[in-house]
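What follows is a set of notes on a single structure, which appears directly below.
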Amino acid sequence: MGKKSRKGTTIADDPYLAANFDPDRNGGLRPEDVSTQNAKPLWWRCVKGGTVRWSATIAAFKSMGGCPICRSNSGYPGGGMSHDIDMPA
């Protein structure tokens, strides 16, 4: 489990958030460094592969249900959209 931040639990305490968190694009932050109460956009990556990366707040990430490509392709991986894209904020 992740350590407690000053604001409560961290992304590391949530396995789904931690798995999708993109450490390469978040300026050296690690899941255990970021409170789940953080309201700033963070970079996320699809855990199913490819290079889909997008920026969203934690609240937006949770409401969208993860990867926007997987969400739009109900039959993933047979959907027509590529997973090798970058989705900036």
* Structure fact -> Looking only at heavy atoms, the pair that brings C70 and C46 closest together is SG-SG, 3.7 Å
* To do: Would you name the heavy atoms of L29 and F21 that are closest together and state the gap between them?
  => O-CE2, 3.5 Å
* To do: May I ask you to test the R45-P23 pair for a side-chain heavy-atom distance under 4.5 Å?
  => yes
* **Close side-chain approach of W54 to M64, heavy-atom, < 4.5 Å** => yes
* Do D13 and T36 come within less than 4.5 Å of each other through their side chains, counting heavy atoms only? -> no
* Side chains of L42 and T57: does their closest heavy-atom pair fall under 4.5 Å? -> no
* **pair C67-K48: side-chain heavy atoms closer than 4.5 Å** => no
* Residues T10 and S35: side-chain donor-acceptor under 3.5 angstrom -> no
* Asked: Under 3.5 Å, is there a donor-acceptor pair between the side chain of N26 and the main chain of W43?
  -> yes
* To do: May I ask you to test the I11-R30 pair for a side-chain heavy-atom distance under 4.5 Å?
  => no
* Do K40 and I58 touch side chain to side chain, with heavy atoms closer than 4.5 Å? -> no
* Distance flag, aromatic centroids of F61 and Y16, threshold under 6.0 Å -> yes
